[in-house]
Amino acid sequence: MADGASLIARAIAHPATLETAFALIGALLWGYAVQAACDRRRPKRWPAAAYWLLLGLLFGFGAWLPYWVAGLLVVALVGIEAAGGVRLQATPAPSGESSAPRGWRALCPVLMIPTATFAIAGLAALSGGDVGRGAVVGLAVGGVVAVGVALPSGRFSGQAALEAGRRLTEDIGPLHLLPQLLASLGLLFTAAGVGSLLADAVGGLVPRGSATGAAVAYFLGMTLFTALLGNSFAAFSVITTGVGVPLVIAPFGLDPAFVAILGLTAGSCGTLATPMAANFNLLPVGLYGLSDNYAVIRLQWRLAAALWLAHVVVFSLFVRPW
Amino acid sequence: MGAWWDWPAWKLLGLVVLAVGLARRWPTGPVVLSAGIVTAGLAGLPLVGGEARAGILDTLGKAFVENRVITLYLLTLPAIGLAERLGLHAVMARLMGRLTRVSLAQVLVGFQAARVAMGALGLRLQGHVAFGRPIVAPMAAAALPQPSPARAAEAKAAVAAAENYGNFFGQNLFPASAGCLLVAGVMKGAGYPVDVVKLSLCALPIVLVSLGLAAIQFARLERQLRRAGDQSTEPPAGDAGHG
């Protein structure tokens, strides 16, 4: 039994497991590439095909490419996207939602994803492995199982699955690579020493020796910078490497996970209060047919202010008890 | 020595590029990329590094490849797309219609709680488009006794707010969400590796506080709208174009 458990833990932790998931994504993206290339109705099919091909290469073979080649590929991807190569085309949606909703059959595949995620995370925990790694592996397994459930229940072809996945990926649009790009930005800023520069600048304002004061400065920085950029992910990589780690976590030995996630949600408070986050705060104005452009923000900034104060309270209660 | 171009703060121009580019709504990818390249270039990083020093392209490629896990959800999109063709949105709508039908505040809090639950299960769905506009906004407007256009608009704005509250904070409860994975990636790069499951647990207090605060806000909004409805001589909604 103990052998079985350690086997599970080792399988989950093995690098090849995650590489397999990435290879699957690579294959999926190459499927999108072939589909885009064969779609004669699509005006810009070759740039789109090239985009999916290169992205698939990065996913499937990223671990074996020299880093500078991978970097070059990233630049090429951003270039193709900026030139409008993967913009969603107005091809008519095939059938769209089927006329009669088929109850639980539609829900089943989607529920497979969290089920597998939590099941494998739980298995990892029971077998003494890394739970987070288990959750990630579970997400990948869930995605595959869910397709396996959906295909027979709707009598879909593999082609339809590719089509559905590509459509959703294109719907998310240029945002789907953003988190990875932002992580790269954080690393570039660190390599360039921007983090320490920011830390020096903010460090002068933060009261020495006060963990709460430093945390307030970090949360405030996250909120303001997010409001400025309209994106808490972008702010997170910059402010956390520049302020959160050197001024809050490192000097006081605080729990990095708790401080970091509070930083991220302090950023979300900024998102709620800024017109810069247009897709969340301004898009609904048109979508819901409101006459006041700031109707949503006017409600949200009040909650954001109260919730921001709650961050300081949660910090003092859980991270730095008196 | 001491020349003006040696001023260390020139690197911060990258931040300026980032802020201006995002403010002007230039395409996000190129803005982020050029902010990084400007910063690294001003800091004197070579394009392709050697043994001693990482270059711009190396850093970019390394960060991208090592953070592929953030975009692992690409693997779940075909299944979600197929489920949508099987009528996922209609099913969700039916479930949500059963969940909430009484007062405006209950509709709003119920919607937010439902979005938190979806987020905790890692279901990436576009709430404004899929639920807010077609299902919850009409429910919210109907929950008011005599909705004038202005008050119905207030109620709908609150639906949009409930969607954002539930979505922003609820998604962190899922360990493999993009947010948790980004935090884990950045923290690993900063030398403080953290566990994504721990991250999702640490997100819980703020989720609970956000639900409580929103409940207070929505209850107050409902009281205010009802009072305005009792006093007003505004014509009832329905003849007012939008809605």
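Quick note on labels: first sequence line is chain A, next is B, and so on, each numbered from 1. Small disclaimer: the values here were computed from a predicted structure and weren't measured.
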> For the atom pair OG (A:Ser237) and CG (B:Leu182), what is the distance rounded to the nearest 0.5 Å?
Replying inline: 6.5 Å
> Got a second to check how far B:Phe174's CZ is from A:Leu139's CG, nearest 0.5 Å?
Replying inline: 5.0 Å
>> Which heavy atom of B:Val209 sits nearest to which heavy atom of A:Leu307, and what is that distance?
In response: CG1-CD1, 3.7 Å
> Side chain, backbone, both or neither: which part of A:Phe258 has an atom under 4.5 Å from a heavy atom of chain B?
Replying inline: both
> Side chain, backbone, both or neither: which part of B:Ala120 has an atom under 4.5 Å from a heavy atom of chain A?
Replying inline: backbone
>> When you compare the side chain of B:Arg68 with that of A:Ile25, does any pair of heavy atoms fall below 4.5 Å?
In response: no
>> I need the residue from B:Ile37, B:Val196, B:Val65 with the largest number of non-hydrogen atom pairs under 4.5 Å to chain A.
In response: B:Val65
>> Counting heavy-atom pairs under 4.5 Å with chain B, which one of A:Val144, A:Leu24, A:Val69, A:Leu181 comes out on top?
In response: A:Leu181
> Is the shortest heavy-atom distance from the side chain of B:Phe168 to the side chain of A:Cys269 under 4.5 Å?
Replying inline: no
> What part of B:Val32 is in contact with chain A, defined as an atom under 4.5 angstrom from a non-hydrogen atom: side chain, backbone, both or neither?
Replying inline: both
>> Counting only non-hydrogen atoms closer than 4.5 Å, does A:Leu264 touch chain B with its backbone (N, CA, C, O), its side chain (CB onward), both, or neither?
In response: side chain
>> With chain A as the partner, which of B:Gly189, B:Ala160, B:Gly185 has the greatest number of non-hydrogen pairs under 4.5 Å?
In response: B:Ala160
> For the candidates B:Gly191, B:Ala157, B:Ala43, which exhibits the highest count of non-hydrogen atom pairs separated by less than 4.5 Å from chain A?
Replying inline: B:Ala157
> Counting heavy-atom pairs under 4.5 Å to chain B, which of A:Leu18, A:Val75, A:Leu65 comes out on top?
Replying inline: A:Val75
> How many angstroms lie between CG in A:Leu72 and CG in B:Asp58, if you round to the nearest 0.5 Å?
Replying inline: 10.5 Å
>> Which heavy atom of B:Ala153 sits nearest to which heavy atom of A:Leu290, and what is that distance?
In response: O-CD2, 3.5 Å
>> Show, in sequence, the C-alpha distance, side-chain angles and deciding distance for B:Leu77 and A:Arg167, and conclude whether the side chain to side chain contact (heavy atoms under 4.5 Å, CB included) test is met.
In response: CA-CA 9 Å; B:Leu77 292 182; A:Arg167 197 163 283 279; over 6 Å; no
> Rounded to the nearest 0.5 Å, how far apart are CD of A:Glu81 and CG of B:Leu33?
Replying inline: 11.0 Å
> What part of A:Pro109 lies closer than 4.5 angstrom to a heavy atom of chain B: side chain, backbone, both or neither?
Replying inline: side chain
> If you measure from CG on B:Leu45 to CG on A:Leu188, what distance do you get to the nearest 0.5 Å?
Replying inline: 7.5 Å
> Non-hydrogen atoms of chain B under 4.5 Å away: do they reach the side chain of A:Phe22, the backbone, both or neither?
Replying inline: side chain
> Is it the side chain or the backbone of A:Tyr32 that comes within 4.5 Å of chain B heavy atoms, both, or neither?
Replying inline: side chain
> Considering only heavy atoms, which portion of A:Leu272 lies under 4.5 Å from any heavy atom of chain B: side chain, backbone, both, or neither?
Replying inline: both
>> I'd like to know which of A:Ile261, A:Leu58, A:Val149 tops the heavy-atom pair count under 4.5 Å against chain B.
In response: A:Ile261
> So which of A:Ala21, A:Gly148, A:Ala160 has the largest heavy-atom pair count under 4.5 angstrom toward chain B?
Replying inline: A:Ala160
> Considering only heavy atoms, which portion of A:Ala63 lies under 4.5 Å from any heavy atom of chain B: side chain, backbone, both, or neither?
Replying inline: both
>> For a 4.5 angstrom cut-off between non-hydrogen side-chain atoms, does B:Glu84 reach A:Val110?
In response: no
> Taking every heavy-atom pair that is under 4.5 Å apart, which of B:Gly81, B:Pro78, B:Ala63 has the most such pairs with chain A?
Replying inline: B:Pro78
>> Return the OG1 to CZ distance between B:Thr71 and A:Phe59, rounded to the nearest 0.5 Å.
In response: 4.0 Å
> Where do A:Arg302 and B:Arg220 land on the side chain to side chain contact (heavy atoms under 4.5 Å, CB included) test, with the steps shown first?
Replying inline: CA-CA 12 Å; A:Arg302 296 197 176 95; B:Arg220 286 184 51 179; over 6 Å; no
> Which atoms of A:Val136 come close to chain B, meaning under 4.5 Å heavy atom to heavy atom: side chain ones, backbone ones, both, or neither?
Replying inline: both
>> For B:Phe64, which atoms come within 4.5 Å of any heavy atom of chain A: side chain, backbone, both, or neither?
In response: both
> Relative to chain A, which of B:Gly179, B:Pro193, B:Ala184 shows the most heavy atom pairs under 4.5 Å?
Replying inline: B:Gly179
>> Show the nearest heavy-atom pair for residues A:Gln300 and B:Tyr165, with the distance to one decimal.
In response: CA-OH, 3.5 Å
>> Can you give me the closest heavy-atom contact between B:Leu121 and A:Pro114, atom names plus distance?
In response: O-CB, 3.2 Å
>> Can you tell me which portion of B:Leu18 sits under 4.5 Å from chain A's heavy atoms? Options are side chain, backbone, both or neither.
In response: both
>> If you compare all heavy atoms of B:Met187 against all heavy atoms of A:Val245, which two are closest, and at what distance to 0.1 Å?
In response: CE-CG2, 4.0 Å
> Side chain, backbone, both or neither: which part of A:Ile113 has an atom under 4.5 Å from a heavy atom of chain B?
Replying inline: side chain
> Of the non-hydrogen atoms in A:Ala82 and B:Pro30, which two are nearest, and what is the gap between them?
Replying inline: CB-CG, 3.4 Å
> Which residue out of A:Asp255, A:Thr240, A:Ile297, A:Leu162 racks up the most heavy-atom pairs below 4.5 Å with chain B?
Replying inline: A:Asp255
> Side chain, backbone, both or neither: which part of B:Leu47 has a heavy atom under 4.5 Å from chain A?
Replying inline: neither
>> Does any backbone or side-chain atom of A:Thr117 lie under 4.5 Å from a heavy atom of chain B? Answer side chain, backbone, both or neither.
In response: side chain
